[in-house]
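Within every chain, numbering begins at 1; the chains are lettered A, B, ... in the order of the sequence lines, protein sequences first and strands thereafter. Every value quoted in this text rests on a predicted model; they were computed, and no experiment measured them.
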Amino acid sequence: MVFPGMALLQRAKGPDSFWKKRRLFRLTAHFRGRNRNVWTLVLRNVKRALVRATKGRIERKKDMHDLRVTRITAAVEEHGFTQPLFADGLNRSRVYLDTKVLADLSIWEPRTFKALTHLAWSKTFKDRVEGVDEQGTPPANVAIKDLKDS
Amino acid sequence: MSNRHLFQQSGFVKAPFYNGFNRYVCQLKRITLKFCKEYGGSRGLRDFIEQNLVDFARENPQVVVYVKPRRHRSPVLVAEYLDGHREWMSLHNFQRDECYRWIHNMLTASGDQSIRYRKLWHTENPSIQGVWNPFTNRDPALNIATFPLKDMRRPANMPPTATELILEMAAQKEKMKELQTGKTEESKTEDSHV
């Protein structure tokens, strides 16, 4: 007896389960213990790993930002100033450098970073920003007479 | 997350020992083409071998070419490089021109290129002013100071102790007394003058 096409399609099995499993096993190759090669555990743990990878992509950006802010804070406090005032002062001076560049400068070009700190300090002191008086007097080596107000 | 990167070596951008700076050394040393004489998957590679391989070998005498027929297996290309790297590639169902292009890609490649880049840039001089270190912004007077220093024995923001407060109050009281006594003496002397 000859079956027509539709009847055959109904009986057609899905994709080969061996290769389907192989696709997930490729993702668990670096797992430990039975999570690597026991199918039920692989199913569960691959799903978890992929969810974490998705979340991690966002969290990594936050972590990097936090790390850079921490570095900038430490570098600014070394010169006797604070990070919020530093950021405010740079904004007022129209120095639009992002946290990545500032953190890199603080490590690789510390003299430039010191100059930026003094600039921000002088600018905030001139503009009478709240909280700047607690930091004492700004360094006297900065001339911000010609700096345009933002 | 993909399998390709799991066991991939990581590294930095580099050129293979300035190849091509004043002379070029082809990094590909040996290429092996494996194919089947009957199956259709090897059709393109068979065409390449028939029509292009002799010219390829003649043009590139520095590359050893092996051709290996094997029954009922899919076609494969293995390229071996000067740095010991061995590149395996399936040529299953590839057309002749595809085989041609991939083989030329292997010819011009510089050995092991399959690394995950940690940084997409490279510099020999990362810092002009000198990298920050704990002594960069320190007072140079500390270089010749003899330790222990009196100022550094307590925390920077430590409030005065109760004893110190009382001592200070006592000192102020004495000062006031002195001032008062001084004033009275002065007034006495003034009176005497009058």
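Options N133(B), T136(B), V131(B), N137(B) differ in how many heavy-atom pairs under 4.5 Å they form with chain A, and the most are formed by N137(B).
No more than 12 heavy atoms of other residues, nucleotides or ligands shown are found within 6.0 angstrom of CD on Q95(B). Enclosure of atom CZ in F56(B) by more than 12 non-hydrogen atoms of other residues, nucleotides or ligands within 6.0 angstrom is indicated. The neighbour count for R68(A) CZ, taken as heavy atoms of other residues, nucleotides or ligands under 6.0 Å away, is above 12. In the displayed structure, E130(A) atom CD is contacted under 6.0 Å by at most 12 heavy atoms of other residues, nucleotides or ligands.
Between the CD atom of Q129(B) and the NZ atom of K114(A) there is a distance of 11.0 Å, given to the nearest 0.5 Å.
The salt bridge (Lys or Arg N to Asp or Glu O under 4.0 Å) check on K100(A) picks up D104(A), with sequence neighbours excluded.
The part of S106(A) that comes within reach of chain B is its backbone (N, CA, C, O), which places non-hydrogen atoms under 4.5 angstrom from that chain.
Using a 4.5 Å cut-off on side-chain heavy atoms (C-beta onward), W132(B) and E78(A) make contact.
Between the side chain of E109(A) and the main chain of I128(B), a donor-acceptor pair closer than 3.5 Å is present.
For the residue pair P110(A) and G130(B), the shortest heavy atom distance occurs at CD-O, 3.1 Å.
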